[in-house]
Amino acid sequence: MVYTKHFAIHTIDRLRNSKDYIENAAKTLVEKSEVTVHLDNIFPYMMNDEKTFAKQLVSGYMIHNVYEASEEFIATKQLAAKENGEHFVFNPKTKRLEFSLKSLERARNGKQAVLAYHLIQSFSPEDGLSPEEVHELGRKTVMELTGGEYEFVIATHVDKAHLHNHIVFNSTNAMTGKQFEWQLPRLRNGKVKDMTYEAFQKISDRIASKAGAKIIEVSPKNSHAKYTKWQTENIFKLRIKSRLDFLLEHSLDLDDFKTKAKALNLAVDFSGKWATYRLLDDVQVRNTRGRNLVKSDPERYNLDRIEAHLKKNTGIFSVADVVNQYEEKIETRKNDFDYQVTIEPWQIDHVTAKGIYINVDFGLAQHGVIFIGAYKTDLLEDGNYNLYLKTNDYFYFMDTAGAANNRFMKGPTLMWQLSLYNGTVPIAKEKVISTINELTEAINFLASHGVTEGGEQLVRLEQQLLEAVQEAKDRLKELDNKIRELNDSAKELIVSNISDYQDETLEQIKNQIGSVQASRRLLKEINDDAIREIGEYQVILVNSNKVDESWKGKRNLK
């Protein structure tokens, strides 16, 4: 995304002209401490001759005179208020109800109203875009954000190396008189999510990326403390716990544990009452206490529990082997997926280095674009792309007709929507497949290093693998039932012959059956392999207590 900011304008005075700031204007990207002064004089600042090629880069939408834009904004609000019979007060002198301009500053709920929104959109000097191109990108962005129903003025400033747009749009809809809904939903954790600002960022990113614009990173200096705390308490915990769990299964004693922890870039300190850990290959600033890694079992990663666990381990693993195996494990998890769906070139809006923008339609009414990160895609030889989606993935649908219809879409919804239009059969990867693959690889690693019996690492893994195989068997039965149910639904539809959408519905059911059958085939293949390998391994243990080379180099499912 290009660098973006936004501010709300609350008072009439802040929309109207004041020349004081023009003479002293020295900045383009305004700090929060200057917002009050800046917004008091927003239109004069935007249209400063020195910044805009003598006003050649100032334009408006549904505005007759951009230099009187504030008065036109107010006039639109006044018309809407009169139409709704609002903002009239009794004048004791005239003994009549008269319109109160000042009352526009108060919303119906008594709180401060938002009269307009000010957006800033900055571009990197490396983009190679002309001021005119930057101006047009800004116009397209605000047109899509507002749906083309709100007045706005845009000025492109050229006084800095980074070209940037200042956009102010009226909060009152020029067509309906309704207020623009800046969406700020409160999440379950009590925090507020700025949905409209996120929409602005994503729309800006998509439109600008077509023109080759690069990302300007936001400096973290103003939020470094919050950022670090959030990272430490969330992402860092997961990474630390992952490394500790791996080390506990591949270390013989405490010294070996410490040596391999260092190789995995994990600082370990057992000097205090509670063990502490810190990632050395990330920006973690403060140590994380072991007791905070698993709330239900705070002692799990403390010194005494670690030593007790290590005493039960057998086998010798070199530091290099442990590092390589851990890196492979992380890479496999990162590339894992729940659904695979193929899309064709005509479904792609455009491709960037960071990912692809995909066209998505909902019936005849809605057309929009969704961004998919490059790490979730594979380009095939025939020009198609494979997408690898997870159930909990969220993608942002941007309606090109206006941001009012923008929304988040989960991975399964996107999968079916894409396959519906190109007729491809998506493959749903059962979660237990990932479990079986990960356990099999872990057993491979132990077995290849001589851990065949006597070590609890292998006992634990074998038991987990047997449980996963049973889960797979149960899931296969569920898939069989699902196929039967879908077939029954298709037969009922054909026999009844009453649906106006029979052909379309039958096609959807057919695609579902194909998808479930593909998922079943994949799961059965993996499960059969796992059962065979367990049997082979147990025979080897009984007969010779040696590890056959056939146990190594098992297949790798993406």
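Just so you know, residue 1 is the first one in the sequence shown, and it goes up from there. The figures that follow rest on heavy atoms only: side chains count, while hydrogens, waters and symmetry mates do not.
- Summarising the geometry, atom CG belonging to Leu479 is positioned 9.0 Å from atom CG belonging to Asn481; distances are rounded to the nearest 0.5 Å.
- Looking only at side-chain heavy atoms (C-beta outward), Ile370 and Asn359 stay at 4.5 Å or farther from each other.
- Remark: Asp528 engages Lys524 in a side chain to side chain contact (heavy atoms under 4.5 Å, CB included) (not counting sequence neighbours).
- Lys262 is linked by a side chain to side chain contact (heavy atoms under 4.5 Å, CB included) to nothing, counting only residues two or more places apart in sequence or in another chain.
- Residues meeting the side chain to side chain contact (heavy atoms under 4.5 Å, CB included) test with Thr276, sequence neighbours left out: Asp269, Asn287, Arg289.
- A search for side chain to side chain donor-acceptor pair (under 3.5 Å) contacts involving Glu478 returns Arg475, not counting sequence neighbours.
- Here the side chain of Asn324 pairs a donor or acceptor atom with the backbone of Ala320 at under 3.5 angstrom.
- For Phe246, the ring-ring contact (aromatic ring centres under 6.0 Å, His included) partners are His250, Tyr326, not counting sequence neighbours.
- Atom CG in Leu380 sits 9.0 Å away from atom OH in Tyr385 (nearest 0.5 Å).
- For the side chain to side chain donor-acceptor pair (under 3.5 Å) test, no residue two or more places apart in sequence or in another chain qualifies with Asn292.
- Under the 4.0 Å criterion applied to side-chain N and carboxylate O atoms, Arg532 and Asp529 are assigned as salt-bridge partners.
- Taking CG of Leu266 as the start and OG of Ser242 as the end, the distance is 10.5 Å to the nearest 0.5 Å.
- Classification of Asp349 and Lys210 as a salt-bridged pair holds, one side-chain N sitting under 4.0 Å from a carboxylate O.
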Legend entry - Pair Asp393-Lys376, salt bridge (Lys or Arg N to Asp or Glu O under 4.0 Å): steps then yes or no: CA-CA 11 Å; Asp393 281 342; Lys376 289 183 175 292; 2.7 Å; yes
Legend entry - Pair Arg484-Asp488, salt bridge (Lys or Arg N to Asp or Glu O under 4.0 Å): steps then yes or no: CA-CA 6 Å; Arg484 281 193 288 270; Asp488 288 343; over 6 Å; no
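- Between the side chains of Asp205 and Gln201, no donor N or O sits under 3.5 Å from an acceptor N or O.
- Put simply, the side chain of Thr141 reaches to within 4.5 Å of the side chain of Gln121, judged on heavy atoms.
- The side chain to side chain contact (heavy atoms under 4.5 Å, CB included) check on Ala468 picks up Val432, Thr435, Ile436, Leu439, with sequence neighbours excluded.
- Evaluation of the side chain to side chain donor-acceptor pair (under 3.5 Å) rule for Glu467 yields Gln463 as partners, not counting sequence neighbours.
- Between Asn406 and Ala199 the shortest heavy-atom distance is ND2-CB, 4.0 Å.
- Under the 4.5 Å side-chain criterion, counting only non-hydrogen atoms from C-beta, Val351 is not in contact with Leu379.
- With sequence neighbours excluded, the residues that form a side chain to side chain donor-acceptor pair (under 3.5 Å) with Lys241 are Asp245.
- Counting only heavy atoms from C-beta outward, the side chains of Leu244 and Tyr277 approach each other to under 4.5 Å.
- Pairing each heavy atom of Phe270 with each of Lys258, the nearest pair is CD1-CE, 3.8 Å.
- Qualifying ring-ring contact (aromatic ring centres under 6.0 Å, His included) partners for Phe257, counting only residues two or more places apart in sequence or in other chains: none.
- The closest donor-acceptor contact from the side chain of Asn313 to the backbone of Leu248 lies under 3.5 Å.
- Taking Trp182 as the reference, His6, Tyr117 meet the ring-ring contact (aromatic ring centres under 6.0 Å, His included) condition, with sequence neighbours excluded.
- Across all their heavy atoms, Leu129 and Val134 have their closest contact at CB-CG2, 3.9 Å.
- In plain terms, the two heavy atoms of Asp256 and Ser251 that are nearest each other are OD2-CA, 3.3 Å.
- Of all the heavy atoms in Asn527 and Ala472, the pair that sits closest is OD1-CB, 3.2 Å.
- A salt bridge links Arg520 with Asp480: the distance from a Lys NZ or Arg NE/NH1/NH2 to an Asp or Glu carboxylate oxygen falls below 4.0 Å.
- By the ring-ring contact (aromatic ring centres under 6.0 Å, His included) test, Tyr301 pairs with no residue at all, sequence neighbours left out.
- Atom CG of Leu254 is separated from atom CG of Leu310 by 7.0 Å, given to the nearest 0.5 angstrom.
- What you find for Glu299 and Arg305 is that their closest heavy atoms are O-CG, 3.2 Å.
- Two residues are said to be in side-chain contact when any heavy atoms from C-beta on lie closer than 4.5 Å; Met195 and Phe408 meet this criterion.
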